[in-house]
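Everything quoted here is computed from the prediction, not taken from an experiment.
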Amino acid sequence: MKRRQELPIVSGILVAANVIVYLICTFTGNLLYNIGELDAAAVLLRREYGRIIYSMFLHAGIDHLFNNMVILFFLGAMIEKVTGHIQLLLIYLLSGIGANICSLLYKVMTMDSMVSVGASGAIFGLDGVLLAWILLDRQAMPDVTPRRVLLMIVLSLYSGFTAHNIDNAAHVGGLLTGFAAGALLCALRRRKRNREV
């Protein structure tokens with residue numbers, strides 16, 4: 001039973017879901033993009049709130065998909081070992097939602113009409129969880145050094161800010177949401193440990 005709990009089941013399911021959606025998109029053209037991409041006007045004026053979630057499973061091309069899925073699987077598997085399946089799924093979805101809300105706020109403030117898609121906001125949320133753990137509760141991930149996590153986050157953010165057509169507001173929003181979720185998990189773990197003493 002413990003062996004099954006350590007398997008990256010949810011990480012694998014999330015990767016599979018993204019790949020399946022991408023394959024459907026290759027056969028249906030712009031159909032899923034038209035109803036799922038994160039478009040501020042569609043969400044805020046037409047109240048198509050589902051786009052905040054749908055856009056997390058859409059990708060702009062095979063490279064975009066591949067890069068995100070490799071990171072999602074390995075980072076997700078690492079975190080899933082500690083949190084378990086349900087908590088990882090909740091963290092991932094909450095981070096993606098937080099990322100897309102932050103993106104929408106930025107689009108409104110800057111009058112940016114660009115649409116966005118991708119899982120990277122939710123993936124940055126997983127980075128945020130790791131950051132919270134190494135800063136607040138090293139027992140959660142003792143083999144990961146703060147320097148490695150900070151370097152990974154800084155390089156990822158730098159890559160986004162120096163590239164074109166990247167939704168950096170979503171990346172920052174996902175990172176902050178994930179950090180908040182990670183901090184909450186740390187507090188709950190500390191409380192549990194204190195009760196057991």
Euclidean distance, Asn68 CG relative to Ser120 OG, rounded to 0.5 Å: 5.0 Å
Where do Leu126 and Leu72 land on the side chain to side chain contact (heavy atoms under 4.5 Å, CB included) test, with the steps shown first? CA-CA 8 Å; Leu126 301 183; Leu72 169 57; 4.0 Å; yes
Side-chain donor/acceptor of Glu48 to backbone N/O of Ile35, under 3.5 Å: no
Check whether any side-chain heavy atom of Leu157 sits under 4.5 Å from a side-chain heavy atom of Phe124, and report yes or no. yes
Please report the interatomic distance CZ(Arg148) to CG(Leu130), rounded to the nearest 0.5 Å. 9.5 Å
Within the structure provided, determine whether Gln87 and Ile79 are in side-chain contact (heavy-atom separation under 4.5 Å). no
Nearest 0.5 angstrom please: Ile86 CD1 to Ile9 CD1, how far? 10.0 Å
How far apart are the closest heavy atoms of Ala183 and Leu136, and which atoms are they? CB-CD1, 3.7 Å
The test is side chain to side chain contact (heavy atoms under 4.5 Å, CB included); show your working for Leu135 and Phe179 and say whether it passes. CA-CA 10 Å; Leu135 295 178; Phe179 185 87; 4.0 Å; yes
Here the pair of heavy atoms bringing Met56 nearest to Ala122 is CE-CB, 4.4 Å
Nearest heavy-atom pair of Gly160 and Ile166: which atoms, and what distance? O-CB, 3.6 Å
Neighbour count >12 (heavy atoms, 6.0 Å) for atom OH, Tyr106: no
Heavy atoms, side chains only, cut-off 4.5 Å: are Thr83 and Trp133 in contact? yes
Give the minimum heavy-atom separation between Asn18 and Ala119, together with the two atoms involved. OD1-CB, 4.3 Å
Heavy-atom donor-acceptor pair, Asp112 side chain to Lys107 backbone, under 3.5 Å: no
Heavy atoms, side chains only, cut-off 4.5 Å: are Val82 and Leu88 in contact? no
Contacts of Thr26 meeting side chain to side chain contact (heavy atoms under 4.5 Å, CB included) (sequence neighbours excluded), chain-then-number -> Tyr22
Flag for Ser55-Asn100: side-chain donor and acceptor within less than 3.5 Å: yes
Is Leu131 close to Ile153 at the side-chain level, that is, under 4.5 Å between some pair of heavy atoms? yes
Are any non-hydrogen side-chain atoms of Leu175 and Val172 less than 4.5 angstrom apart? no
For Asp167 and Ser103 the tightest heavy-atom approach is OD2-OG, 2.5 Å
Could you give me the CA-CA distance, side-chain angles and deciding distance for Ile91 and Leu185, then say whether side chain to side chain contact (heavy atoms under 4.5 Å, CB included) is met? CA-CA 10 Å; Ile91 289 167; Leu185 287 175; 3.5 Å; yes
For Arg47, enumerate each residue passing the side chain to side chain donor-acceptor pair (under 3.5 Å) test, keeping only those at least two apart in sequence or located in another chain. none
Is the closest basic N to carboxylate O distance between Arg189 and Asp137 below 4.0 Å? yes
Would you say that Phe161 contacts His171 through its side chain, given a criterion of any heavy-atom pair below 4.5 Å between the two side chains? no
Can you check whether Ser95's main-chain N or O pairs, donor with acceptor, with Thr177's side chain at less than 3.5 Å? no
Count the heavy atoms of every other residue, nucleotide or ligand shown that sit under 6.0 Å from CG of Leu188, and state whether that count exceeds 12. yes
Phe74 CZ: over 12 foreign heavy atoms closer than 6.0 Å: no
Just by modelled atom types, is the Val115 backbone N or O under 3.5 Å from a matching donor or acceptor in the Asp39 side chain? no
For the backbone of Glu37 and the side chain of Arg51, can you confirm whether one donor and one acceptor N or O come within less than 3.5 Å of each other? yes
Could you tell me whether the side chain of Val108 reaches within less than 4.5 Å of the side chain of Leu44, counting heavy atoms only? yes
Quick one: closest heavy-atom pair of Ala40 and Leu104, and the distance? CA-CD2, 3.6 Å
